[in-house]
Amino acid sequence: MKMNPGQDEAVKYISGPCLVLAGAGSGKTRVITTKIAHLVQNCSYQARNIAAVTFTNKAAREMKERIGQTLGKKEAKGLMVSTFHTLGLNIIRKEYKTLGIKQNFTLFDDQDQIALLKELTQDTLEEDKELIDQLRSSISNFKNELVLPPQAIARAQMPQDRLFAECYDSYMRHMKAYNALDFDDLIMMPTLLLRLNQEVRDRWQDKIRYLLVDEYQDTNTSQYELVKLLVGSRAKFTVVGDDDQSIYSWRGARPENLSLLQKDFPGLKVVKLEQNYRSTQRILKAANILIDNNPHEFGKRLFSELGYGDPIKVFTTKNEEHEAEKVVSELLAHKFMSRTDYKDYAILYRGNHQSRLFEKALMTNRIPYKISGGTSFFSRAEIKDMMAYLRLLVNPDDDNAFLRVVNVPRREIGPTTLEKLGNYANMRNISLFAASFEMGLEQTLTGRGLQSIRGFTRWLVELSDQEQRADSIDAVRDMIRDIHYEDWLYETSPSAKAAEMRMKNVSELYRWVTEMLKGDDLDEEMTLAQVVTRLTLRDMLERNEDEDDSDQVQLMTFHASKGLEYPYVFMVGMEEGILPHQSSIDEDNVEEERRLAYVGITRAQRGLFMMLCKERRQFGEVIKPEPSRFLFELPQDDLEWDLRKKPASAQEKQQKGKKGVANLRALFNK
DNA sequence: TCGAAAGACTTTTTT
DNA sequence: AGTCTTTCGA
């Protein structure tokens with residue numbers, strides 16, 4: 001397929017920094033992959049000196065695959081295509097000595113982080129989930145902004161800031177003692193290292209001679225800094241982004257990094273991609289008009305040559321059950337009429353909790369569906385147990401893993417024993433594992449408790465010896481055998497069938513681990529430590545692994561839908577309070593919600609359906625939401641409100657529409 | 001020590 | 001309404 005002039009320009013411009021403003025569906029992935037091929041085939045770049053960075057593993061995988069097709073295995077060898085976090089992990093793994101980190105570090109996931117913070121704050125703060133959450137996001141913000149504990153403490157103004165900064169300090173110390181890193185460390189550590197250490201910086205700048213960044217509007221401060229440090233003064237890079245699709249500011253993303261780029265690199269070449277190859281003209285018109293309600297730094301107007309297309313259908317339903325049923329009936333009717341597949345339809349919603357009713361409706365109608373973002377493989381108890389064991393094997397100082405499995409299966413190590421051990425470890429500021437061997441412990445802990453604990457830790461020592469000295473696969477196998485995990489599952493599961501399922505999951509994990517340890521033609525063999533970090537990262541990055549090309553209706557949040565496309569899209573819960581979400585209205589941040597709606601609309605290729613309810617149950621209480629303001633911002637000529645049924649209700653709906661517009665005016669006048 | 005039952009709390013979005 | 005947590009009784 002031929003490239004359009006904009007795409008061509010974006011691909012060919014390689015002499016300096018390049019920003020590609022790529023509207024939804026404008027073929028940005030193709031630009032990136034073609035550009036990489038161009039660099040290798042025509043510009044004498046070696047694949048091993050090119051890095052492409054994305055935000056999700058899925059995107060990285062897709063990109064890798066596409067490049068493999070264009071370039072061929074040989075030419076693509078050594079090409080770095082990864083997420084920001086994996087890139088960070090790779091840098092850390094190579095530079096761990098300079099960073100002062102032990103090689104076999106553990107990656108803490110959210111749960112581990114929460115557990116640690118709870119423990120740290122139990123004396124200072126009373127147990128408060130919300131406060132822990134605030135603290136967590138505060139620490140995350142510090143790291144995203146590259147603020148270290150001393151600076152954080154110095155900067156603190158309010159008592160609360162000070163408290164948080166001190167927790168941050170102690171959190172970092174403990175992470176060090178546990179030999180653990182968290183998610184944000186994967187970016188912050190390499191960034192600070194590159195900033196402070198010229199030798200390392202030179203080495204990486206020499207390694208990565210051309211850098212490409214996808215979804216650039218989602219980068220946060222530390223990620224942008226990492227980009228700047230990696231490209232150096234040579235400034236050979238291409239970033240691709242779309243400020244209209246910036247929907248992650250709550251997570252630290254800085255869409256202003258787009259305009260900062262112009263300041264930081266005055267020679268920046270800006271290319272706009274405005275031709276959309278995905279949607280009908282009508283869908284794009286709606287999207288354009290909606291997003292015009294937001295202020296813009298870079299103006300952009302998408303157009304399409306795919307024809308005008310069908311009107312956008314809007315359905316008002318009685319309540320949320322009815323909404324789900326209506327989606328199903330419309331979907332079935334539409335599928336029957338147009339002879340499409342289930343996989344051509346996506347149902348998009350604002351919050352995960354909304355999925356339930358749609359699931360129910362789909363299930364009762366025996367429609368196959370797939371939810372992205374639900375409970376992941378790794379959040380199953382049996383998998384968390386096994387992961388904890390693997391983590392312990394690699395890094396016995398990992399207290400969270402220790403606590404999770406010390407008594408699973410039962411080892412007669414109860415809370416009292418653990419409390420004593422914990423107190424002792426705390427006092428000496430060492431890990432639980434280390435504490436178990438100390439003579440001093442015998443002062444507080446005696447008899448059976450001590451024996452059980454030492455039995456456990458000695459067993460761990462033996463296994464990790466075996467892992468290091470002999471074969472990792474054998475060690476893992478022996479470990480699973482030693483703990484009789486299968487028996488434990490049968491004992492504790494509600495039914496034999498459930499136990500069987502769980503054991504199947506465990507075997508699946510075991511298979512993954514052994515495969516990764518052995519390596520194959522695509523991936524090199526890894527140490528167990530690498531496998532464990534990789535799996536934890538995978539757990540965090542992709543909640544839905546199995547890429548299933550079977551015929552299923554897709555259910556996901558608006559956020560999760562970014563980057564995807566479907567012939568027909570249902571946007572549900574188009575109500576004030578949901579989209580835009582109430583908290584965004586309260587915080588006066590409706591613009592990001594509008595972008596979210598924009599992302600939803602631009603997912604659709606041919607058909608778009610919007611659903612809203614007149615009544616909705618919230619915390620058991622019935623509320624009567626107003627239609628979303630976004631519905632009134634869309635071009636009304638392109639909407640087709642469902643007014644077929646009883647004329648009485650049609651009138652009601654029309655009135656509702658007027659009321660909504662009146663409300664909108666009221667908001668404007670405010 | 002476990003299960004049932006009452007009670008509290010929930011709803012943003014996720015790398 | 002549904003889910004997770006705590007509490008109470010056996």
Side-chain angles (χ1 to χ4, degrees), chain A residues 53-60 82-89 107 109-110 113 127-130 133 136-137 140-141 143-144 182-188 213-223 226 245-254 319-321 348-357 359-360 372-376 379 407 410 412 414-415 491-492 494 536-544 556-563 573 575-587 589-590 592-597 599-600 615-623 625:
Chain A
V53 184
T54 64
F55 273 87
T56 62
N57 272 339
K58 194 175 170 198
S82 66
T83 63
F84 263 106
H85 296 274
T86 310
L87 176 66
L89 182 64
L107 203 50
D109 67 14
D110 298 4
Q113 212 184 0
E127 172 130 1
D128 180 352
K129 198 173 152 272
E130 193 154 330
D133 270 0
R136 220 156 67 87
S137 83
S140 178
N141 286 338
K143 295 193 175 186
N144 288 161
D182 68 21
F183 208 50
D184 297 314
D185 286 332
L186 295 183
I187 309 294
M188 181 178 77
V213 182
D214 191 16
E215 304 282 14
Y216 179 73
Q217 76 284 349
D218 289 341
T219 51
N220 60 35
T221 302
S222 59
Q223 286 160 340
L226 183 58
Q245 293 187 69
S246 157
I247 53 174
Y248 285 113
S249 69
W250 49 272
R251 182 176 84 186
R254 297 287 195 106
N319 57 37
E320 65 262 53
E321 269 107 27
L348 308 183
Y349 36 80
R350 176 68 235 257
N352 280 309
H353 64 282
Q354 285 173 271
S355 70
R356 164 169 293 100
L357 285 164
E359 262 189 279
K360 200 174 134 199
S372 315
T375 348
S376 86
S379 61
N407 209 24
R410 293 265 138 75
E412 290 170 326
E491 268 170 50
T492 52
T536 314
L537 198 59
R538 185 192 294 210
D539 166 29
M540 288 188 276
L541 287 180
E542 55 194 89
R543 300 169 132 225
N544 51 327
M556 71 195 81
T557 63
F558 287 109
H559 284 89
S561 75
K562 190 160 73 123
E575 294 146 36
E576 288 289 302
I578 296 190
L579 186 72
H581 193 272
Q582 190 57 47
S583 41
S584 298
I585 298 173
D586 296 342
E587 286 159 41
N589 188 20
V590 178
E592 182 146 314
E593 299 286 309
R594 191 174 283 110
R595 277 181 240 125
L596 207 47
V599 166
E615 279 181 10
R616 185 177 290 275
R617 209 172 273 130
Q618 201 173 37
F619 307 138
E621 259 180 317
V622 175
I623 54 160

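In this text the structure is predicted, and so the values were computed from the model without any measurement. Naming convention: chains lettered A, B, ... in sequence-line order (proteins, then strands); numbering from 1 in each chain.
- Between the P atom of B:dT14 and the CG atom of A:Asn141 lies a distance of 18 Å, rounded to the nearest Å.
- A side chain to side chain donor-acceptor pair (under 3.5 Å) with A:Asp218 is found for one member of A:Arg251, A:Lys562, A:Arg254, A:Gln245 and no other, namely A:Lys562.
- With a cutoff of under 4.0 Å to any heavy atom of chain A, the contacted region of DNA chain C is bounded 5' to 3' by C:dA1 to C:dT3.
- Residues A:Val213 and A:Phe84 are in side-chain contact: their nearest non-hydrogen atoms beyond the backbone lie under 4.5 Å apart.
- If you take CD1 on A:Ile187 and CG on A:Leu89, they are separated by 10.0 Å, rounding to the nearest 0.5 Å.
- In this structure, A:Arg595 CZ and A:Glu593 CD are separated by 10.0 Å, a value rounded to the nearest 0.5 Å.
- As rounded to whole Å, 14 Å separates atom P of B:dT15 from atom CG of A:Leu107.
- Computed from coordinates, the A:Arg595 CZ to B:dT13 P distance equals 18 Å when rounded to whole Å.
- Checking side-chain atoms of A:Gln223 against main-chain N and O of A:Asn220 turns up a donor-acceptor pair under 3.5 Å.
- At a threshold of 4.0 angstrom between heavy atoms, the contacts of A:Arg251 include nucleobase atoms, whether or not backbone atoms are also involved.
- Rounded to whole angstrom, the span from the CG atom of A:Asp214 across to the P atom of B:dT15 amounts to 15 Å.
- For the atom pair A:Asn589 CG and A:Ser249 OG, the distance stands at 5.5 Å (nearest 0.5 Å).
- Going from atom NE2 of A:His559 over to atom C1' of B:dT11 covers 14 Å, rounded to whole Å.
- An OP1 or OP2 oxygen of B:dT14 is reached within less than 4.0 angstrom by a side-chain nitrogen or oxygen of A:Asn352.
- Considering OG1 of A:Thr557 and CG of A:Asn352, their distance stands at 6.0 Å, rounded to 0.5 Å.
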Practice problem: Using Watson-Crick or G-U wobble pairs with both distances under 3.5 Å, give me DNA chain B in dot-bracket, 5' to 3', with [ ] for crossers and | for pairs to another strand. | Solution: ||||||||||.....

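- Residues meeting the side chain to side chain contact (heavy atoms under 4.5 Å, CB included) test with A:Glu587, sequence neighbours left out: A:Ser583.
- Residue A:Ser583 has no polar side-chain atom (N or O) positioned under 4.0 Å from OP1 or OP2 of B:dT11.
- Between the P atom of B:dT15 and the OH atom of A:Tyr248 lies a distance of 6 Å, rounded to the nearest Å.
- Stacking is found between A:Trp250 and the pyrimidine-like six-membered ring of the B:dT13 base under the 5.5 Å centre-distance and 30° plane-angle cut-offs.
- Atom pair A:Arg616:CZ and B:dT11:C1' shows a separation of 11 Å (rounding to whole Å applied).
- Taking atom NE2 on A:His581 and atom P on B:dT10, their separation rounds to 13 Å, with Å as the unit.
- The distance from atom CZ of A:Arg617 to atom CZ of A:Phe619, rounded to the nearest 0.5 Å, is 14.0 Å.
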